[in-house]
Amino acid sequence: MAEYEACILGIRMAVDMNIKELLVIGDSDMLIHQVQGEWSTKNVNILSYLHCVKELCKKFTKIEFRNIPRIQNEFADAFATLSSMIQHPDKNYIDPIEVEIRDGHAYYFQKNEEPGGKPWYHDIKKFLAT
């Protein structure tokens, strides 16, 4: 979610600067591939962020997302450091997305089972037992 928030902030800043063409370079495989539509998610928390990014993308005549391996992305560390030192204007503030916190563990709410009636972790449990 933090990666999505950083991406949203960057895109909103580009919108505020009236930029029409944007190249977004990131080291988050998940975020880049989800925004490009190559990967999907069922996580309702992530879906809210993904929807927000896609809505912001409509404000550009051209926007491209490119993945760069984390080990090669020295700029991400530099930008993260700089970003933590800069007071961002209020207009670029990311409105918080409400996330529901449950009382039980996440696996408690998971009801999907793999074909054959065994839970997704069956093979892992069997491996650990042997």
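- Leu23 and Ile68 fall within the same hydrophobic cluster, defined by Ile, Leu, Val, Met, Phe, Trp and Tyr side-chain heavy atoms under 4.5 Å apart, directly or through other members.
- Side-chain atoms of Thr61 come within 3.5 Å of backbone atoms of Lys20 as a donor-acceptor pair (strictly under, hydrogens ignored).
- In this structure Glu64 satisfies the side chain to side chain donor-acceptor pair (under 3.5 Å) test together with Arg66, sequence neighbours excluded.
- Across every non-hydrogen atom of Asn67 and Gly26, the tightest pair is OD1-O, 3.0 Å.
- Counting heavy atoms from C-beta outward, Gln36 and Phe65 have side chains that approach closer than 4.5 Å.
- Contact check for Met1 versus Tyr49: side-chain heavy atoms found under the 4.5 Å cut-off.
- Under the ring pair (Phe, Tyr, Trp, His ring centres under 6.0 Å) criterion, His51 pairs with no residue, sequence neighbours left out.
- Checking each of Glu3, Gln34, His33 against Ser28 for a side chain to side chain donor-acceptor pair (under 3.5 Å) leaves exactly one that passes, namely Glu3.
- Within the 4.5 Å cutoff, the side chain of Asp29 has heavy atoms near those of the Trp39 side chain.
- Side-chain contact between Tyr4 and Val35: present, with at least one pair of heavy atoms (C-beta onward) separated by less than 4.5 Å.
- Using a 4.5 Å cut-off on side-chain heavy atoms (C-beta onward), Arg12 and Cys52 make contact.
- From Lys59, atom NZ reaches atom CG of Asn18 across 11.0 Å, with rounding to the nearest 0.5 Å.
- Here Lys54 contributes atom NZ and Ile11 contributes atom CD1; the two are 12.0 Å apart, rounded to the nearest 0.5 Å.
- Taking CG of Leu22 as the reference point, atom CE of Met13 lies at 12.0 Å (rounded to 0.5 Å).
- Among all heavy-atom pairs drawn from Cys7 and Leu31, the shortest one is CB-CD1, 4.0 Å.
- The structure places CG of Asn45 at 12.5 Å from CG of Leu50, a figure rounded to the nearest 0.5 Å.
- Annotation: side chain of Ile19 is not in contact with side chain of Val15 (no heavy-atom distance under 4.5 Å).
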